[in-house]
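Written below as structure tokens is the structure these notes are about.
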Amino acid sequence: MTILLKNLGKFTLLSLENIGRFIIFGANFFFWLPRKPFFLNQFLKQVFEIGYLSLPVVGLTAVFSGMVLAIQSFTGFARLGAEDAVATVVVLSVTRELGPVLAGLMVAGRVGASITAEIGTMKVSEQIDALYVMSTRPIQYLVIPRVLAGLICLPFLVIIGDVIGIMGGWIIGVYQLGFNSMVYLDRTIEYLEIIDVFQGLVKATIFGFIITLMGCYQGFHCGQGAKGVGRATTNSVVTSSILILISNYFITTTFFGN
Amino acid sequence: MSSLIEFKNVNKSFDGKIVLNGINLNVIKGKSLVLIGQSGSGKSVLLKCLLGIIQPNKGQVIINNSSFFDQDLNKKEKILKRFGVAFQGNALFDSLKIWENISFKLIQTQKLSNKEIIYKVKNSMDLVGLSKSIMHQYPSQISGGMQKRVAIARAIIDEPEILIFDEPTAGLDPVTGGKINNLIIDNVKRLGCTSLTITHDMDSVRKIADNVAMISSGKIIWNGEKSEIAKSTNKELNEFINII
Ligand SMILES: Nc1ncnc2c1ncn2[C@@H]1O[C@H](COP(=O)(O)OP(=O)(O)OP(=O)(O)O)[C@@H](O)[C@H]1O
Ligand SMILES: [Mg+2]
């Protein structure tokens with residue numbers, strides 16, 4: 001029993017310490033963001049890595065989710081005789097929830113992991129020390145380009161994912177469920193409001209921030225050797241996925257709470 | 001003879017394990033100091049304390065008569081610009097090509113044209129005996145000894161005043177090792193640099209050292225001019241020198 005309590009106490013302290021360090025890390029990001037030099041090349045490289053190379057994953061997730069959503073809501077609504085609502089349900093679910101959350105989770109797996117592995121490896125092989133002795137601040141060279149690219153790319157990924165997801169729903173709606181194409185599209189737009197899309201993009205921006213910042217943080221604080229890097233990578237993906245789901249709840253209640 | 005770098009009672013322990021236990025050591029301006037000691041005796045840790053990579057638990061490092069740790073980041077960076085450092089594990093950036101690695105410091109700290117940069121990179125590669133054909137390769141594509149030399153080429157590219165090399169000849173053949181030794185001698189004797197080199201290679205010690213310091217059990221147990229080693233009665237030093 002005492003061992004359990006002791007471990008619980010240790011765990012709590014450790015978590016608090018980590019949260020504190022993570023917050024300081026985030027504050028550092030904002031402190032250094034407006035300061036020179038800005039590594040444009042690194043930033044563009046990251047836009048390519050985080051944004052462009054994530055397109056296939058995000059696109060695939062979106063199209064299949066849109067398709068499944070159309071089938072599921074159709075079978076569900078058919079029992080109530082409300083089949084007409086399928087298009088509306090698809091578009092609202094995709095723009096508000098599925099688009100940002102699924103893209104966020106997929107990018108957390110793809111980008112978060114690779115950022116942590118890369119920075120972690122740089123740390124254990126003294127490359128970060130080498131940056132520092134060559135008068136280059138690791139936070140400016142490594143963290144700012146990545147986090148900024150994450151912030152900017154995720155909304156674009158989500159917009160593209162939204163369109164592809166809605167298309168997935170439309171394909172199923174028209175070719176399998178027998179909706180008239182024009183009617184389906186009309187329905188899609190009819191009840192969609194700007195705020196639905198906007199809210200999804202706010203989520204995407206915040207998720208992009210969480211994923212890349214957590215990726216960098218875990219990399220910088222990874223333990224020694226290959227094992228340390230491996231553990232940090234797992235931590236990075238798990239923690240940012242959880243943070244995405246938690247913050248998703250809070251953003252949703254902020255927008256549509258009442 | 002003025003000290004450029006002074007370690008004053010530097011202490012460092014990791015999780016209660018004492019590594020440095022009151023290090024006092026002077027690096028004299030314009031001289032080459034060689035630091036020797038058993039594997040695991042804390043040589044690399046001492047170097048990292050000097051550069052501010054590792055924070056000592058106690059003690060100070062004085063560079064040019066002012067305490068290094070008390071400076072703000074800008075001042076520290078200004079001081080670090082005078083250093084050329086080659087780490088024991090090379091620490092090459094594996095996402096950058098060889099020429100980008102070598103020119104990294106130049107590009108970050110000076111405004112030069114591409115032509116000038118490439119010229120300096122080539123010159124630096126010449127000095128460590130690297131073939132220019134590897135310029136566009138990545139560190140993972142070249143041999144360990146070549147990586148070592150890239151690290152040294154990267155350290156010397158902007159003609160730093162202070163050279164800090166951690167085992168620069170480890171893993172090199174005698175000819176290439178000799179080249180690195182000559183490079184250090186040349187920098188110190190001709191260009192007036194100051195150098196601190198860690199090595200296990202007695203041939204290097206013989207060639208490049210003006211002064212020698214030996215570290216053991218977290219302390220500097222012997223420190224003096226190279227010529228005094230022969231006369232030394234320090235048992236540990238004599239043993240160490242005789243073995244290697
Ligand atoms: N970051 C660290 N965390 C914990 N212990 C460390 C760390 N860095 C070094 N040590 C310990 O400090 C001691 C000295 O290490 P150091 O690398 O300075 O040895 P060294 O004299 O350079 O040896 P070698 O000649 O083999 O390079 C070792 O016992 C090592 O385990
Ligand atoms: Mg060492």
Side-chain angles (χ1 to χ4, degrees), chain A residues 10 14 24 27-28 31-32 35-50 53 111 114-146 149 215-216 219-221 223-226 228-229, chain B residues 14-15 44-45 47-55 68 72-96 100-111 139-140 147 150-158 160 162-167:
Chain A
K10 215 171 167 182
L14 218 71
I24 293 172
N28 258 319
F31 177 81
W32 286 106
R35 286 175 170 72
K36 276 190 178 175
F38 178 70
F39 292 93
L40 183 66
N41 271 339
Q42 294 297 314
F43 170 70
L44 295 176
K45 219 170 167 177
Q46 293 306 321
V47 168
F48 181 76
E49 289 271 337
I50 298 173
L53 294 183
V111 172
S114 92
I115 290 180
T116 305
E118 190 179 1
I119 295 185
T121 308
M122 288 185 78
K123 182 176 174 220
V124 300
S125 60
E126 298 175 330
Q127 291 176 52
I128 294 190
D129 297 337
L131 275 181
Y132 157 79
V133 298
M134 291 194 287
S135 308
T136 306
R137 295 174 194 136
I139 188 150
Q140 289 187 309
Y141 187 74
L142 298 172
V143 178
I144 289 191
R146 284 172 173 76
C216 294
F220 270 94
H221 292 270
Q224 280 164 348
V229 176
Chain B
F14 293 102
D15 305 321
S44 300
V45 170
L47 250 185
K48 287 181 186 166
C49 286
L50 160 63
L51 298 168
I53 293 168
I54 290 178
Q55 206 71 26
F68 184 57
D72 63 28
L73 191 58
N74 279 325
K75 287 233 182 69
K76 268 189 191 166
E77 281 175 354
K78 217 174 220 163
I79 296 171
L80 283 174
K81 270 185 196 155
R82 299 162 55 196
F83 283 79
V85 184
F87 289 95
Q88 186 171 7
N90 303 330
L92 301 180
F93 303 124
D94 36 33
S95 60
L96 299 181
E100 292 170 315
N101 263 287
I102 297 178
S103 61
F104 191 89
K105 198 172 162 196
L106 272 187
I107 293 177
Q108 303 309 327
T109 57
Q110 299 180 23
K111 294 239 174 309
S140 58
Q147 290 175 6
V150 171
I152 295 169
R154 179 173 75 174
I156 57 166
I157 189 153
D158 63 341
I162 309 159
L163 301 177
I164 308 280
F165 291 164
D166 196 345
E167 305 202 8

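Labels below follow one simple rule: chain letters A, B, ... track the order of the sequence lines, proteins then strands, and each chain is numbered from 1.
Proximity to chain A (any heavy atom under 4.5 Å) is restricted, for B:Leu73, to the side chain, taken from C-beta onward. In this structure, the portion of B:Lys76 lying under 4.5 Å from any heavy atom of chain A is its side chain and not its backbone. For chain A, no part of B:Asp158 is nearby; none of its heavy atoms comes within less than 4.5 Å. With a 4.5 Å cut-off on non-hydrogen atoms, B:Leu96 touches chain A through its side chain but not through its backbone.
Using a 4.5 Å cut-off on side-chain heavy atoms (C-beta onward), B:Lys105 and A:Ser135 make no contact. Using a 4.5 Å heavy-atom threshold, the side chains of A:Pro138 and A:Val143 count as separate. A 4.5 Å side-chain heavy-atom check between B:Phe14 and B:Val45 finds at least one atom pair inside the cut-off. Using a 4.5 Å heavy-atom threshold, the side chains of A:Phe39 and A:Ile144 count as separate. Residues B:Phe83 and B:Leu163 fail the side-chain proximity criterion, which asks for heavy atoms closer than 4.5 Å. B:Asn101 is listed as a side-chain neighbour of B:Pro139, based on a closest heavy-atom distance under 4.5 Å.
Along residues 116-123 of chain A, the residues that come nearer than 4.5 angstrom to chain B, judged on non-hydrogen atoms, are A:Glu118, A:Met122 in order of number. Contact annotation for residues 124-132 of chain A against chain B (heavy-atom separation below 4.5 Å, listed by residue number): A:Ser125, A:Glu126, A:Gln127, A:Asp129, A:Ala130, A:Leu131, A:Tyr132.
For the residue pair B:Ser44 and B:Gln88, a side-chain donor N or O sits within less than 3.5 Å of a side-chain acceptor on the partner.
The existence of a salt bridge linking A:Arg146 and A:Glu49 is excluded, since no basic side-chain nitrogen approaches an acidic carboxylate oxygen closer than 4.0 Å.
In terms of heavy-atom proximity, B:Gly84 sits nearest to B:Pro160 at N-CB, 3.4 Å. For the residue pair A:Met134 and B:Thr109, the shortest heavy atom distance occurs at O-CG2, 4.4 Å.
Because its NZ or CZ atom is both nearer than 6.0 Å to the ring centre of A:Phe31 and within 45° of the ring axis, A:Arg35 counts as a cation-pi partner of that residue. A cation-pi geometry, defined here as NZ or CZ lying under 6.0 Å from the six-membered ring centre and within 45° of its normal, holds between B:Arg154 and B:Phe93.
Among the candidates B:Gly89, B:Ala86, B:Ala151, B:Ala91, the residue making the largest number of heavy-atom pairs closer than 4.5 Å to chain A is B:Ala91.
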